[in-house]
K.L.:
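Before I ask anything, let me first share the structure, which is written out below as structure tokens.
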Amino acid sequence: MSFELDEELLAILCKAVAGKKANNLQELFKSLVDEEYQVRHMIRPHRIIRRIDETIDNHLEEKK
């Protein structure tokens, strides 16, 4: 399955949810979508969860 990311709609949604931190949320969402796309072929789901968890942690560390 494939889809196109609507940048404008994503920006609107992130602004509605996160207000002034919309850019941070948008970056995180894009990172997670990219991560999911990269690990689709992996057989072991725990690796996917670990990589997504690391992406979230890294994003939070960068924003402190």
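Side chains included, hydrogens not; waters and symmetry mates left out as well; all remaining heavy atoms used.
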K.L.:
Show every salt bridge (charged side-chain N to carboxylate O under 4.0 Å, His left out) that has at least one partner inside residues 7-21, sequence neighbours left out.
P.N.:
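Qualifying pairs, neighbours excluded: E7-K30.
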K.L.:
For the atom pair CG (D53) and CG (N58), what is the distance rounded to the nearest 0.5 Å?
P.N.:
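The CG atom of N58 is 9.5 Å from CG of D53, to the nearest 0.5 Å.
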K.L.:
Is there a side-chain contact between L25 and F29 in this structure, where contact means two heavy atoms from C-beta onward sitting under 4.5 Å apart?
P.N.:
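Heavy-atom side-chain distance check fails, nothing below 4.5 Å.
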K.L.:
Output all residues satisfying side-chain contact (heavy atoms from CB on, under 4.5 Å) with S31, sequence neighbours left out; order by chain, then residue number.
P.N.:
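By the side-chain contact (heavy atoms from CB on, under 4.5 Å) rule, S31 matches T55.
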K.L.:
Taking the side chain from H59 and the backbone from N24, do they hold a donor-acceptor pair closer than 3.5 Å?
P.N.:
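The answer is yes, because a donor-acceptor pair under 3.5 Å joins these two groups.
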K.L.:
With rounding to the nearest 0.5 angstrom, report the CG to CD1 distance, D6 to I12.
P.N.:
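Between D6 CG and I12 CD1, I get 8.0 Å after rounding to 0.5 Å.
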